[in-house]
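Predicted model, so just to flag it, every value in this text is computed and none were measured.
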Amino acid sequence: MKNIHWIAFLIILGVVLSSYVIKSGVLKVTKSRLPPRYTLSFLGAKHRSLTGLLRPNLSCQGTEFTRQSVPDDLNAILERRAKEFKQHQLRNKKNEDIIIAPVNCPLQYPITGFKVAPLKKSIIPGLALQMQGRGKSEMYKVSLSVKKGVLSVEDVLDEDQVKGQDQSELTISSRNLTHLNDLLSRVAYTSTIYHIKTSDLGYFTFEDQEAIFPITIRRPSVPVLYDPGKDVNSQVTIITKTFLRYKELNVLIESIRKFYPKIKIIVADDSLKPERVSGNHIEHYIMPPAQGWFAGRNLVVSQLTTKYFLWVDDDFVFSKETKIERFVEIMEAVPELDVLGGEVSGDQFYFILEYDEGDESNGGCLSRIRGFHQPLSGYDGCFLVDGVVNFFLARTDAVRSVGFDPFLKRVGHTEFFIDGLGKLLVASCKGLSVGHQTHQPQAEYDSYRNQGKAEEERKLAHHFFKNYLNYIKY
């Protein structure tokens, strides 16, 4: 009996102390020391409202936790972020508009389909039955079915009118057409199989009429934006790969610094005996010897923190005609563009790739042809192409999604654009110019640079398997 009294006393004491702690603000102080990811999970179901006050809101209302770390010029950053997000939406736009099929049959439905998140419930837009001239006593009955999910009607009052709740087949009936359409407006779809990128089909039936519409199941992706900052130095990084050509590399760097003293330069170096490359705003990465062209490109691209990068060969030279800002201006105005090439010593080399998938047994055929698809609207001397000269500005995220094949050590340029065919929107513009240094042949360098017959055969065999090509012509 005494134990019971002690337990009761301890419970009362606990309640009093809890009340005092909350009122005095002690609990608030304790909570503020917890990192945002922690929650007070020891509070039970009865105290969920209190838990909500004590832990970060993990819904969309929790934006204050990210803003706390933003520097003082928040308004300027918000403005830049809004602009970047708008461009992100333009670049990643898909046909999000839902088109409702006109009533050429009694069934109204989303002819273009709709998008849902996996395992999440979403109302199917636009479902309706359009009928005229039927008696009021007649029964209207429609059915819907899916294969990778279940169907339900939200807030059903008369269960007799809906059969198959939370199943793959659903039947709705009513003698009142208005009421039937009200039920149809609340039909929801929930996928039952987790997959980040798949689809389903919805079948909508009335008497001898049937409509089929697609259901796209996609896991929403988080935007990845690059803060462009306030000038070209925070928008663009210049990248290059060097091998046994330090003299040329130093000339290139010196010419860049004449016009862009603060822009970051990243150098990948697989020379046999690396030399020091130093200077402000330069990152020099030493690779294992002779790893090759594309391995070096992968390395420098992996280190980018800017929205764009400018690719240059290590024997180029900047002049007063080398205007990076002009590159950026065009790319910003046409956010769908991924790669924008210029010209090297007046040579605006560009090409298109003609590709035929061929048949399953033999593979496809691909040819590189000098030419362009169309002029780039609004920009004289600019053309939409598939590949450009080895001097181009590119979007970091777009190029990372394609990458550079490190198998290609000696020769690799067109091969990047082959891998990017159908993934990268490419253009070439006259007037975006860089110079090319004149230099004497170097026997050691040339022995690595030039591709022999055996190397060529290995490369063709690589295309045969990797790109499923039966025929290729440069």
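- Listed by chain and residue number, His436 satisfy the ring-ring contact (aromatic ring centres under 6.0 Å, His included) test with Phe316 (two or more places apart in sequence, or in another chain).
- Around CD of Glu210, the count of heavy atoms belonging to other residues, nucleotides or ligands within 6.0 Å exceeds 12.
- Counting only residues at least two apart or on different chains, no salt bridge (Lys or Arg N to Asp or Glu O under 4.0 Å) pair has a member in residues 368-378.
- Side-chain contact check for Phe309 versus Leu393: every heavy-atom pair is 4.5 Å or farther apart.
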Yes or no on side-chain contact (heavy atoms from CB on, under 4.5 Å) for Leu432 and Phe392, after CA distance, side-chain angles and deciding distance?
CA-CA 9 Å; Leu432 304 175; Phe392 57 84; over 6 Å; no
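- Remark: Lys453 does not engage Glu456 in a salt bridge, criterion side-chain N to carboxylate O under 4.0 Å.
- Every residue two or more places apart in sequence or in another chain that forms a ring-ring contact (aromatic ring centres under 6.0 Å, His included) with Phe349 is listed here: Phe351.
- The side-chain heavy atoms of Gln235 and Lys230, taken from C-beta on, include no pair separated by under 4.5 Å.
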Any chance you could lay out the side-chain contact (heavy atoms from CB on, under 4.5 Å) test for Leu170 and Val187, step after step, and finish with the verdict?
-> CA-CA 9 Å; Leu170 184 72; Val187 174; 4.1 Å; yes
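- Other residues, nucleotides and ligands contribute at most 12 non-hydrogen atoms within 6.0 Å of the CD1 atom of Ile196.
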Show your working on side-chain contact (heavy atoms from CB on, under 4.5 Å) between Phe213 and Thr112 and close with a plain yes or no.
CA-CA 7 Å; Phe213 55 90; Thr112 53; over 6 Å; no
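- Classification of Lys459 and Glu415 as a salt-bridged pair holds, one side-chain N sitting under 4.0 Å from a carboxylate O.
- Each salt bridge (Lys or Arg N to Asp or Glu O under 4.0 Å) pair with one or both residues in residues 393-404, not counting sequence neighbours, would appear here, but there are none.
- With rounding to the nearest 0.5 angstrom, the CG atom of Leu225 is 13.0 Å from the NZ atom of Lys83.
- Note on residues 464-474: pairs passing salt bridge (Lys or Arg N to Asp or Glu O under 4.0 Å), not counting sequence neighbours, are Asp405-Lys466, Asp419-Lys466.
- Between Val116 and Ile215, some side-chain heavy-atom pair lies under the 4.5 Å cut-off.
- More than 12 heavy atoms of other residues, nucleotides or ligands sit less than 6.0 Å from atom OH of Tyr194.
- No close placement of the Tyr203 and Tyr109 rings is indicated, their centers lying 6.0 Å or farther apart.
- Take Gln291 and apply the side chain to side chain donor-acceptor pair (under 3.5 Å) test, not counting sequence neighbours, and it matches no residue.
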- prompt: Are Glu455 and Lys409 close enough, and set up right, to give a salt bridge (charged side-chain N to carboxylate O under 4.0 Å, His left out), and what steps lead you there?
  reply: CA-CA 9 Å; Glu455 187 77 16; Lys409 294 180 180 294; over 6 Å; no
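- Sorted by first then second residue, the side chain to side chain donor-acceptor pair (under 3.5 Å) pairs that include residues 255-273, not counting sequence neighbours, are Lys241-Asp270, Tyr246-Asp269, Tyr246-Ser271, Tyr260-Glu325, Lys264-Glu283, Asp269-Ser271, Asp269-His284.
- Between Leu107 and Leu127 the shortest side-chain heavy-atom distance does not fall below 4.5 Å.
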Test ring-ring contact (aromatic ring centres under 6.0 Å, His included) on Phe417 and Tyr350; report intermediate values, then the result. CA-CA 11 Å; Phe417 293 104; Tyr350 52 80; over 10 Å; no
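- Within the structure, disulfide (SG to SG under 2.5 Å) pairs that include any residue of residues 320-368 do not occur (at least two apart or interchain).
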Identify every side-chain donor-acceptor pair in residues 376-389 under 3.5 Å, counting partners at least two apart or on other chains, and give the distances.
from: Asp386; atom 1: OD1; to: His373; atom 2: NE2; distance (Å): 3.1
from: Asp386; atom 1: OD2; to: Leu353; atom 2: N; distance (Å): 2.7
from: Asp386; atom 1: OD2; to: His373; atom 2: NE2; distance (Å): 3.0

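- Side-chain polar atoms of Thr192 and Lys148 form no donor-acceptor pair below 3.5 angstrom.
- For the pair Ser152/Lys121, a side-chain contact is recorded, criterion being any heavy-atom separation below 4.5 Å from C-beta on.
- Within the structure, disulfide (SG to SG under 2.5 Å) contacts touching residues 276-344 (residues at least two apart or in different chains) do not occur.
- For Asp182, the salt bridge (Lys or Arg N to Asp or Glu O under 4.0 Å) partners are Arg186, not counting sequence neighbours.
- Atom CZ of Phe464 has 12 or fewer heavy atoms from other residues, nucleotides or ligands within 6.0 Å.
- For the 3.5 Å distance criterion, the side chains of Ser199 and Thr216 fail to qualify, holding no donor opposite an acceptor.
- Rounding to the nearest 0.5 Å gives a distance of 7.5 Å between CG of Leu252 and CD1 of Ile238.
- Between atom CD of residue Gln209 and atom CG of residue Leu129 there is a gap of 10.0 Å, rounded to the nearest 0.5 Å.
- For Asp315, the salt bridge (Lys or Arg N to Asp or Glu O under 4.0 Å) partners two or more places apart in sequence, or in a different chain, are Arg245.
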Report task. Would you please test Lys307 and Glu332 for salt bridge (charged side-chain N to carboxylate O under 4.0 Å, His left out) and show each step? Result -> CA-CA 11 Å; Lys307 181 179 180 179; Glu332 289 286 290; 2.6 Å; yes
